[in-house]
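Below, chain A is the first sequence line, B the second, and so on; all start at residue 1.
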Amino acid sequence: MDDLYREIIIERYKTPHYRGHLDPHDIFFEDDNPVCGDHIEITVRTDEDDRVTEAAFDGHGCAISQASADLLIESIHGKTLDEVKALTKDDVLELLGIELGPVRLKCALLSLKVLKAGAYGLGADEVSDELVE
Amino acid sequence: MDDLYREIIIERYKTPHYRGHLDPHDIFFEDDNPVCGDHIEITVRTDEDDRVTEAAFDGHGCAISQASADLLIESIHGKTLDEVKALTKDDVLELLGIELGPVRLKCALLSLKVLKAGAYGLGADEVSDELVE
Amino acid sequence: MAVPEKTLFDVERVRADFPILKREIRPGVPLTYLDSTATAQKPRQVIDVMDTFYRRSNANIHRGVHTLAEEATAMYEKGREQVASFINAQSARQVVFTRNTTESINLVAYTWARANLKSGDMIVLTEMEHHSNLIPWQLLAQARGLRLEFVPVTDDYLFDMDAYRELLALEPKLIAFTHMSNVLGTITPAAEIIRLAHEAGALTLLDGAQSVPHLPVDVQSLDVDFLAFSAHKMVGPSGVGVLYGKLPLLEAMPPFLGGGDMIKTVHLRTFSTNEVPYKFEAGTPAIAEAIGFGVAAEYLANIGMDAIAAYEHEMTEYALERLAEIPGVTVFGPSAEHKGGVASFVMDGVHPHDVAQILDHDGIAVRAGHHCAQPLHEKYGITATTRASFYIYNTRADVDKLVEGIYKVKEIFG
Amino acid sequence: MAVPEKTLFDVERVRADFPILKREIRPGVPLTYLDSTATAQKPRQVIDVMDTFYRRSNANIHRGVHTLAEEATAMYEKGREQVASFINAQSARQVVFTRNTTESINLVAYTWARANLKSGDMIVLTEMEHHSNLIPWQLLAQARGLRLEFVPVTDDYLFDMDAYRELLALEPKLIAFTHMSNVLGTITPAAEIIRLAHEAGALTLLDGAQSVPHLPVDVQSLDVDFLAFSAHKMVGPSGVGVLYGKLPLLEAMPPFLGGGDMIKTVHLRTFSTNEVPYKFEAGTPAIAEAIGFGVAAEYLANIGMDAIAAYEHEMTEYALERLAEIPGVTVFGPSAEHKGGVASFVMDGVHPHDVAQILDHDGIAVRAGHHCAQPLHEKYGITATTRASFYIYNTRADVDKLVEGIYKVKEIFG
Ligand SMILES: Cc1ncc(COP(=O)(O)O)c(C=O)c1O
Ligand SMILES: Cc1ncc(COP(=O)(O)O)c(C=O)c1O
């Protein structure tokens with residue numbers, strides 16, 4: 001079972017480290033996965049060098065979507081927005097450390113999609129799966 | 001090849017014995033097979049006992065449809081209209097003496113359909129394949 | 001444990017007909033298929049007849065004089081006869097081949113409904129419809145200014161008869177309803193619903209996607225006006241479904257798709273339509289699929305739909321019993337007596353997707369999501385459920401595996 | 001006789017892939033299949049992938065978390081990719097799976113056309129359209145008061161460019177035309193027709209039912225707006241076809257059929273649509289068939305569409321040459337350089353049905369009738385022709401057999 005749901009996924013799902021909503025914030029974005037109703041919102045604060053000083057996520061959904069959001073948020077602290085924009089699917093999968101089929105991949109990548117849409121300053125209509133390919 | 005196109009079919013197709021249009025007539029009916037454009041019209045004269053005294057067909061189409069019309073018309077001379085109404089698919093197939101797949105069957109039975117529709121005095125809209133089943 | 005299965009039919013013999021049941025999901029992990037409500041598995045008889053068709057008789061149908069065309073036409077029309085007799089249609093002409101249940105319902109919405117309904121007219125649906133029996137009517141309602149009303153699901157997860165009678169008083173033109181909910185498993189009292197509709201002057205469309213595969217469905221005794229169902233849910237192939245209709249209705253309906261085969265004569269600017277059912281089958285149909293569909297219907301008929309329904313009923317009772325034991329598991333749906341072989345549930349603290357994925361690790365195939373019934377999930381304030389569903393090739397051992405798997409999920413999520 | 005076939009591809013190896021070619025029509029009488037324009041035969045690669053799908057991976061697609069559902073989804077989407085790459089679509093999202101060419105064309109008529117055309121608007125077709133590219137527009141013209149105009153076929157059996165230019169001056173909104181006539185074999189200059197249409201501000205829909213199986217068709221170099229074709233005519237299964245469209249068009253089009261999979265969110269009275277292409281794929285699609293379609297496209301691509309077109313061209317030249325020898329036989333259609341592998345003919349004094357049936361006796365499968373192009377037959381004052389058509393598995397020996405058979409017909413009808 002380890003290859004499927006590593007300890008860290010269950011742990012971060014049950015007790016996330018970065019759940020919350022930052023107010024004020026420099027970046028806010030939210031979206032959901034209509035297939036399963038997963039929802040993720042992300043708030044980010046940056047310094048004058050566009051470097052992430054603080055970030056948080058909120059939402060609900062499956063363990064994969066919530067744990068990957070928590071791990072992703074953790075990983076971007078101290079990164080510049082350009083570095084955030086350069087994040088890929090593989091970065092998230094590395095954080096999770098498991099293999100996923102196409103449907104669960106969407107769960108895993110929802111937070112990255114939301115984060116990158118926020119970093120790029122996209123409108124709600126401009127989000128697409130291409131952001132995380 | 002004999003089992004397919006017996007001599008008599010080719011012969012009657014090429015030189016039909018009962019091609020023509022009777023005027024005056026007691027019964028007239030016409031219909032076609034939209035699939036291949038076969039067309040058959042039939043004219044019949046009857047006596048006071050509703051017995052066929054004279055009959056003819058006209059039209060165009062494949063050898064099967066034209067030969068079966070000619071043979072069918074030949075066979076009804078002297079029959080009562082009730083006997084004509086009682087004719088079936090098998091009677092026509094016996095006249096032709098060959099086996100036919102479903103598509104060609106429609107060619108073979110077009111004249112019977114037209115004849116029975118005429119004998120029953122049906123309207124153009126009332127003809128159906130059930131007449132020849 | 002008593003094994004009453006043999007008395008109904010030989011499940012092991014049935015299982016032996018389904019090649020996929022020998023599949024291992026991973027080495028050493030056999031498949032436990034509990035997703036037949038999404039699509040059923042196929043017996044070798046169905047797979048083989050299509051295979052043989054392509055290897056021996058493949059041709060386009062109708063109008064062909066050559067041997068293959070005649071064989072193919074005869075096989076295709078035999079498929080229609082087999083399906084017609086399966087639902088006890090008076091005539092095979094009442095069976096229109098479509099792609100699936102969804103297309104069948106849309107066909108009625110695009111033809112009968114557009115020709116007969118006008119602004120302000122009312123259509124009655126239920127709260128538990130599959131999107132396939134909801135969106136076509138929403139589209140039509142928008143286009144034509146129709147009114148949609150919904151029979152509620154009672155607290156017991158049943159069709160609300162009282163509310164229905166009240167809606168009938170408003171003189172709806174059509175009642176389009178599911179015969180069995182693909183989420184709750186609720187079996188609706190179709191015969192009575194139809195009788196009352198007719199008394200109120202309404203026509204009826206029955207979504208039989210879940211009932212035709214699992215229950216005896218007799219269109220004549222139901223007196224239903226339209227019935228829609230899919231081959232793929234009844235051990236037949238993908239790509240083919242049926243719209244059954246009463247003959248005078250089908251005959252009066254305008255055509256839907258235009259093209260080859262649905263015509264009688266064609267000129268550049270006008271055409272006349274072919275007879276029913278061809279009027280509604282434009283273009284080259286799903287030939288191999290219709291042939292497979294016929295064999296699928298015959299396969300089920302040979303087992304016997306009464307036996308199938310009874311067998312599934314026993315399994316459902318057993319499954320509900322076992323699931324009720326598990327703390328933190330809530331099953332949505334009525335008691336077994338009103339229910340087909342479907343168990344949709346939620347687990348405290350675990351998302352349905354996680355449940356499904358962990359079960360899959362042990363080869364147990366269940367579905368997680370809204371099952372194309374979002375409004376019903378909305379009603380219960382949830383976005384998704386995990387759904388296990390049963391068919392002729394499932395056994396109590398499969399239920400036991402499911403339960404074991406759920407305990408494992410609980411362990412992991414501790 | 002020179003045998004140039006080897007230089008293009010190994011026909012015997014191709015033939016070995018098609019199990020039906022080993023079929024005897026009657027004991028001792030092998031099949032000579034000359035009816036590929038109606039439907040093509042299937043290679044074992046296509047038959048087998050569907051068979052294996054049902055035996056190993058069958059599941060409903062999308063949204064499924066379990067292994068089979070993921071395999072099935074991946075295979076289905078791979079089918080889409082394979083077909084997209086076959087026509088050189090920029091993105092697989094531009095490939096909408098339908099039942100057949102006919103449904104693809106109707107889809108455009110029901111969505112794009114209904115949303116964009118208004119009374120008095122004009123659609124241009126040609127005189128040689130298949131009913132599938134005629135009736136949908138007749139239906140629409142009736143419903144919306146549109147004007148239909150027809151590009152004539154010239155005395156040489158070609159698309160009349162001059163007449164077309166004149167029609168373009170009337171500012172039509174859509175040019176819907178065949179890329180290859182299934183009766184005459186005429187190949188239309190699609191790229192130029194499309195270019196001129198765009199210059200005149202019209203959109204284009206190409207009926208590729210006959211061209212996509214037989215010629216290299218590149219949607220990007222053609223710059224076509226919509227393209228419709230069927231799997232079954234290109235060595236794929238029955239029950240699946242494609243509508244290709246330019247992305248902005250597909251995205252702006254309203255949905256066609258409502259139901260599962262074509263939605264994003266659903267409430268009882270409203271819904272939002274899913275993204276392209278799913279927006280147009282309501283309900284459970286033809287899953288096994290789409291998988292088979294992908295393999296069929298790959299099979300043809302591996303041989304090479306240029307080689308296929310060249311091979312068929314040679315065979316057509318040979319067939320026209322041989323048929324021209326026979327007194328009393330008249331072939332309809334242009335010279336080989338403008339023609340696909342189709343020879344439709346009439347024989348003095350013998351009805352096409354009789355020709356076809358006598359040929360069938362020797363195992364030669366040809367089609368007789370109006371080939372779903374009644375107006376074209378009307379133009380020539382005939383109701384039917386006999387049609388022989390050629391594909392990758394046919395040889396010159398097949399043509400020789402045909403010619404021999406025709407002499408036999410002449411003998412019988414003496
Ligand atoms: C030119 C042309 N268009 C359209 C069609 C219709 O194809 P389908 O029957 O697969 O919808 C055909 C098939 O005969 C054809 O030849
Ligand atoms: C109750 C019900 N109706 C309709 C459908 C749609 O069937 P299809 O996808 O075959 O069109 C389904 C399938 O999930 C169903 O369960």
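Looking at C:Ala373, there are no atoms closer than 4.5 Å to chain D (heavy atoms on both sides), in backbone or side chain. Contact annotation for C:Ser57: both backbone and side-chain heavy atoms come within less than 4.5 Å of a heavy atom of chain D. For C:Glu149, the parts lying under 4.5 angstrom from a heavy atom of chain D are both the backbone and the side chain. Residue contact with chain D, scored on non-hydrogen atoms closer than 4.5 Å, involves the backbone and the side chain of C:Thr265 alike. Using a 4.5 Å cut-off between heavy atoms, C:Ile61 touches chain D through its backbone atoms (N, CA, C, O) alone.
Interface remark: of the candidates D:Gly363, D:Gly369, D:Pro136, D:Gly241, D:Pro136 forms the most heavy-atom pairs closer than 4.5 Å to chain C. Counting heavy-atom pairs under 4.5 Å between each of D:Asp51, D:Val46, D:Ile135 and chain C puts D:Ile135 at the top. The choice from C:Leu376, C:Ile47, C:Leu268 that makes the most heavy-atom pairs within less than 4.5 Å of chain D is C:Leu268. For chain C, the option among D:Asn133, D:Leu107, D:Ile263 with the highest count of heavy-atom pairs below 4.5 Å is D:Ile263. With chain D as partner, the option from C:Met262, C:Arg44, C:Glu71, C:Lys379 having the largest number of non-hydrogen pairs under 4.5 angstrom is C:Glu71. Looking only at heavy-atom pairs under 4.5 Å with chain D, the residue among C:Val240, C:Leu21, C:Val366 that has the most is C:Val366. By number of non-hydrogen pairs under 4.5 angstrom with chain C, the leading residue of D:Leu31, D:Leu125, D:Val65 is D:Val65. Interface summary for chain D: among C:Thr270, C:Ile105, C:Leu359, C:Leu134, the most heavy-atom pairs under 4.5 angstrom belong to C:Thr270.
Proximity of D:His131 to C:Val266: side-chain heavy atoms (C-beta onward) are separated by under 4.5 Å at one or more points.
The backbone N or O of D:Asn58 lies less than 3.5 Å from a partner atom in the side chain of C:Gln41, making a donor-acceptor pair. Put simply, the side chain of D:Arg269 never gets that close to the backbone of C:Gln138: no donor and acceptor are under 3.5 Å apart. C:Glu103 places no side-chain N or O within donor-acceptor distance of the main-chain N or O of D:Leu257, the cut-off being under 3.5 Å.
Of all heavy-atom pairs spanning D:Arg23 and C:Thr67, the tightest one is NH2-CG2, 4.2 Å. Taking both residues in full, the closest heavy atoms of D:Leu139 and C:Pro255 are given as CD2-CG, 4.0 Å, listed atom of the first, atom of the second, then distance. Residue C:Ser132 comes nearest to D:Gly260 through the heavy atom pair OG-N, 3.6 Å, listed as atom of the first residue, atom of the second, then distance.
For the side-chain contact (heavy atoms from CB on, under 4.5 Å) with C:Tyr54, the qualifying choice from D:Pro43, D:Pro237, D:Pro19 is D:Pro237, the only one to do so.
Rounding to the nearest 0.5 angstrom, the gap separating the CD atom in C:Glu24 from the CZ atom in D:Arg56 is 9.5 Å. From C:His66, atom NE2 reaches atom CD1 of D:Ile25 across 8.5 Å, with rounding to the nearest 0.5 Å. Taken to the nearest 0.5 Å, the CG atom of C:Leu68 stands 8.0 Å off from the CG atom of D:Asp360.
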Inset, instruction - Show the numbers, then the answer: is there a side-chain hydrogen bond (donor to acceptor under 3.5 Å, both in side chains) between C:Glu378 and D:His267? - result: CA-CA 8 Å; C:Glu378 207 173 22; D:His267 306 286; 2.7 Å; yes
Inset, instruction - Could you go through the side-chain contact (heavy atoms from CB on, under 4.5 Å) check for D:Phe256 and C:Asn106 one step at a time? - result: CA-CA 9 Å; D:Phe256 177 36; C:Asn106 279 278; over 6 Å; no
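With salt bridges taken as basic N to acidic carboxylate O contacts below 4.0 Å, one links D:Asp48 and C:Arg55.
Applying the 6.0 Å contact sphere to NZ of D:Lys22 captures more than 12 heavy atoms from other residues, nucleotides or ligands.
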Name each donor-acceptor pair under 3.5 Å that joins a side chain in residues 279-290 of chain D to protein atoms two or more places apart or in another chain, with its distance.
unit_1   : atom_1 : unit_2   : atom_2 : d
D:Lys279 : NZ     : D:Leu250 : O      : 3.1
D:Lys279 : NZ     : D:Glu251 : O      : 2.9
D:Lys279 : NZ     : D:Met253 : O      : 2.7
D:Glu281 : OE1    : D:Tyr76  : OH     : 2.8
D:Glu281 : OE1    : D:Arg80  : NH2    : 3.1
D:Glu281 : OE2    : D:Arg80  : NH1    : 2.8
D:Glu281 : OE2    : D:Phe97  : N      : 2.8
D:Thr284 : OG1    : C:His232 : NE2    : 3.2
D:Thr284 : OG1    : D:Asn60  : ND2    : 3.1
D:Glu289 : OE1    : C:Ser238 : OG     : 2.8
D:Glu289 : OE1    : D:Ile287 : N      : 3.4

